[in-house]
Participant: 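Questions regarding the structure given below will be posed in turn.
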Amino acid sequence: MSTESSVSAIANMKAEQLPIPDNKLHGWTHFLGLYAGEHVAATEFVIGATFVAMGATTMDILIGLLIGNFLAILSWTLITAPIAVQTRLSLYTYLHKIAGDSMTKLYNWANVLIFTVISAAMITVSSTAVRLLFNIPAQLDWYPNSVPFVAVVLAVGAIVVFVAMYGFNAVAEFSSICGPWLVVMFTSGALVLFPALAESVLGRTQLLGFADFITIGDQSIWTGINSNGEPGIGLLEVIGFAWAANTITHFGLIDMALLRYAKKSIYGLCSSAGMLFGHYVAWIAAGIMGAGTAVLLKSNIAELDPGDVAYQALGLSGYVIVIVAGWTTANANLYRAGLAAQAIFHNHSRQKVTLTVGCITVVIACFPFVFSQMLPLLTYAGLIVVPVGGIVFAEHVVFPRIGFTRYWLTYRKMNHSTPAVASWIAGLIFGFGLNAMNVMSFFYLFLPTWLFTIVCYTLLAKSYGAAEKYPVEEEKERELNVAIKEYQAKQALSEGEHVQDISNFTKTLQVLAWSSLTLTLVLALNVMFRSPDLGTYDTNAAIFYTWGFVFTISYFATAYWVLRRKKALNLHCAD
């Protein structure tokens with residue numbers, strides 16, 4: 001391929017089709033913040049309460065969630081990150097390269113479905129906080145039984161849709177500062193409600209050791225008995241769910257879009273910020289908050305929604321955590337759904353397509369079953385996407401090791417991949433067939449489904465030309481990749497270098513932001529460990545509710561101010 005033709009080919013490619021250039025790569029601290037922000041969300045309220053309702057035991061939760069989340073971290077590190085770093089491409093671009101148009105369209109439809117449902121669940125969760133302001137009863141049925149609640153959902157949903165259409169960048173920036181605050185608030189909520197739990201079980205508000213924690217957990221939180229009064233799930237089920245909860249992003253390779261910006265594949269370990277602080281700590285904290293709220297309200301955890309739990313644990317800050325966590329998660333997923341839909345209906349603008357998808361999402365959000373069934377919905381979503389991850393893994397990792405040719409479909413100039421489409425369909429039949437036959441735990445179905453799809457795709461691709469050699473086409477591919485690197489290097493020279501804001505004023509704002517979080521946690525610890533009786537508990541809790549809300553406002557004000565100053569500085573330098 002000549003230099004002129006290479007430059008012409010690159011110029012005609014969209015930015016998304018090109019690998020991420022070296023000057024756009026990020027260090028490990030970027031991904032720690034990214035995963036902490038994304039995986040501490042409104043879903044944690046729902047999932048934490050679900051483990052209680054499903055009847056896990058305390059030790060199963062403590063050990064099972066640790067093992068399951070560790071397996072998830074390894075999945076990101078050993079499967080997703082290496083493919084992302086080696087290709088520097090998103091899954092959508094890579095999939096189009098190896099499977100053609102028809103497979104990509106089918107996959108986009110699947111993403112529209114999955115992200116629409118997740119967005120709807122988050123809108124419903126945010127609405128549970130708003131409903132408390134209007135004394136609307138909790139929605140515990142699969143359908144809405146309150147017209148005012150539907151009105152709240154429509155209002156909250158309209159804001160989410162509008163922002164996803166026009167203001168997503170601002171929300172994405174705002175979301176980046178939510179992670180540390182969410183971790184602190186989940187932890188604080190559990191600490192604040194623990195004395196009430198201790199009083200109900202032990203007859204005293206303070207714990208004398210770890211054995212007391214286990215006793216309280218076994219008797220009032222993770223009792224081993226499900227909501228139907230039957231023996232609940234065991235250790236293997238807890239491990240399986242913690243591992244399977246994010247199969248969309250690691251085995252399903254959605255997070256190639258994030259990790260293609262990583263300097264090294266080992267940065268997949270940064271997912272631990274989301275798994276250990278987000279899922280492990282937040283799920284346990286959510287269970288404690290749910291059980292504590294049930295004690296205070298003399299109710300059952302199954303009769304509570306996230307709004308009830310957050311308000312009892314955190315006071316006015318509880319409104320903020322449910323609304324913000326649900327809002328930011330809903331916006332991100334609705335934006336993804338809009339992008340996937342726009343790729344299908346490419347003749348229409350992203351805004352119009354997002355509006356259409358958003359209207360459907362808001363209607364779904366009116367039905368509370370969406371968020372109450374979040375755990376199985378996430379697992380089913382993973383089962384739908386995992387076969388696609390298996391196809392990409394086979395093409396990228398397996399093929400070179402067995403002498404097959406990577407990108408054979410592109411080299412043959414084909415737009416449709418029968419092996420890919422057939423393997424995905426076969427994988428879905430296999431996975432959901434195993435579920436119907438009940439031959440293994442629901443939470444582990446993704447693993448044999450992934451392996452089955454890899455074998456299926458490998459065998460089918462061989463018969464369609466993957467085992468053949470394409471030396472001329474491979475040489476052209478190498479030349480194009482070299483030309484792309486040279487082109488991007490020239491582009492990088494013309495771009496302004498990122499400038500770090502090290503001014504004393506910005507440093508002062510950062511200190512104020514982190515001080516707000518630290519003081520919030522100190523007040524929560526004061527409630528937990530310095531409440532020898534219920535009278536002291538009430539006083540300490542009242543102080544936490546008041547000042548915790550003040551520190552919440554302080555944190556967001558100063559942290560967002562820092563964010564805007566850094567952005568303004570780099571925009572000025574670019575000019």
Side-chain angles (χ1 to χ4, degrees), residues 10 12-21 24 34 38 76 79-119 164 168 172 246-262 268 332-351 353-354 357 381-382 384-397 406-410 414-417 419-421 423-425 427-428 450 453 457 477 480-481 484:
I10 296 169
N12 290 327
M13 296 173 71
K14 296 179 180 179
E16 183 61 32
Q17 295 175 298
L18 296 173
I20 299 300
K24 300 290 186 182
L34 200 64
E38 182 172 351
W76 265 296
I79 296 174
T80 317
I83 298 176
V85 169
Q86 290 164 24
T87 64
R88 299 291 179 200
L89 299 173
S90 69
L91 174 62
Y92 305 100
T93 303
Y94 193 91
L95 186 63
H96 189 271
K97 192 171 184 177
I98 69 171
D101 290 335
S102 55
M103 177 70 175
T104 305
K105 287 180 179 178
L106 286 172
Y107 185 71
N108 282 329
W109 273 116
N111 276 279
V112 171
L113 174 64
I114 291 169
F115 292 128
T116 295
V117 171
I118 294 175
S119 299
F168 179 74
N246 289 105
T247 46
I248 297 175
T249 53
H250 49 72
F251 269 79
L253 299 179
I254 288 289
D255 268 5
M256 281 178 64
L258 301 179
L259 291 169
R260 60 183 169 152
Y261 289 93
N333 284 291
L334 184 55
Y335 180 76
R336 289 169 176 164
L339 285 177
Q342 200 269 332
I344 300 169
F345 302 103
H346 51 80
N347 291 327
H348 300 275
S349 68
R350 186 191 64 81
Q351 285 80 8
V353 173
T354 302
V357 173
I384 292 172
V385 173
V386 156
V388 178
I391 291 167
V392 174
F393 184 87
E395 181 97 13
H396 190 82
V397 179
R406 191 188 290 166
Y407 311 139
W408 61 275
L409 187 89
T410 299
M414 298 168 63
N415 289 321
H416 172 75
S417 174
V421 175
S423 297
W424 190 11
I425 294 172
L428 293 176
W450 184 71
T453 309
Y457 178 68
E477 178 77 12
L480 179 60
N481 288 334
I484 288 173

Participant: Name each donor-acceptor pair under 3.5 Å that joins a side chain in residues 249-257 to protein atoms two or more places apart or in another chain, with its distance.
Facilitator:
| residue | atom | partner | partner atom | Å |
| --- | --- | --- | --- | --- |
| T249 | OG1 | N246 | O | 2.8 |
| H250 | NE2 | W243 | O | 3.3 |
| H250 | NE2 | N246 | O | 3.3 |
| D255 | OD2 | Y35 | OH | 2.9 |
| D255 | OD2 | W76 | NE1 | 2.9 |

Participant: Hey, can you pull the donor-acceptor pairs under 3.5 Å for the side chains in residues 104-119, sequence neighbours left out?
Facilitator:
| residue | atom | partner | partner atom | Å |
| --- | --- | --- | --- | --- |
| T104 | OG1 | G100 | O | 2.7 |
| N108 | ND2 | T104 | O | 3.2 |
| N111 | ND2 | Y107 | O | 2.9 |
| T116 | OG1 | V112 | O | 2.5 |
| S119 | OG | F115 | O | 2.7 |
| S119 | OG | A330 | O | 3.4 |
| S119 | OG | L334 | N | 2.9 |

Participant: Could I get the full list of side chain to side chain donor-acceptor pair (under 3.5 Å) partners for H96, not counting sequence neighbours?
Facilitator: D101
Participant: Pairs in or reaching into residues 86-100: which pass salt bridge (charged side-chain N to carboxylate O under 4.0 Å, His left out), with residues at least two apart or in two chains?
Facilitator: K97-E477
Participant: Does V392 form a side chain to side chain contact (heavy atoms under 4.5 Å, CB included) with L95? I'd like the steps, not just the answer.
Facilitator: CA-CA 7 Å; V392 174; L95 186 63; 4.1 Å; yes
Participant: Is there a donor-acceptor pair closer than 3.5 Å between any side-chain N or O of W424 and the backbone N or O of I384?
Facilitator: yes
Participant: Looking at V85 and A262, what are the two nearest heavy atoms and their distance?
Facilitator: CG2-O, 3.9 Å
Participant: If I compare all heavy atoms of H416 with all of L409, which pair ends up nearest, and what's the gap?
Facilitator: O-CD1, 3.6 Å
Participant: Kindly give the heavy-atom pair with the smallest separation between S102 and S417, and that separation in Å.
Facilitator: OG-N, 4.2 Å
Participant: Side chains of F393 and I83: closer than 4.5 Å at any heavy-atom pair?
Facilitator: yes
Participant: For the atom pair CZ (R406) and OG1 (T87), what is the distance rounded to the nearest 0.5 Å?
Facilitator: 9.0 Å
Participant: With rounding to the nearest 0.5 angstrom, report the CE to CD1 distance, M103 to I391.
Facilitator: 3.5 Å
Participant: Which heavy atom in E395 sits nearest to a heavy atom in Y407, and how many Å separate them?
Facilitator: OE2-N, 2.7 Å
Participant: Side chain to side chain donor-acceptor pair (under 3.5 Å) with Y261: which residues, sequence neighbours excluded?
Facilitator: none
Participant: Nearest 0.5 Å please: distance from the CD1 atom of I79 over to the NE2 atom of H396.
Facilitator: 12.5 Å
Participant: For residues A420 and A99, report the shortest heavy-atom separation together with the two atoms involved.
Facilitator: CB-CB, 3.8 Å
Participant: Measure the OG-CG distance between S90 and L259 for me, rounded to the nearest 0.5 Å.
Facilitator: 12.5 Å
Participant: What heavy-atom pair brings A341 and V357 nearest, and what distance separates the two atoms?
Facilitator: CB-CG2, 3.8 Å
Participant: Could you work out, with side chain to side chain donor-acceptor pair (under 3.5 Å) as the rule, every residue matching S349, not counting sequence neighbours?
Facilitator: none
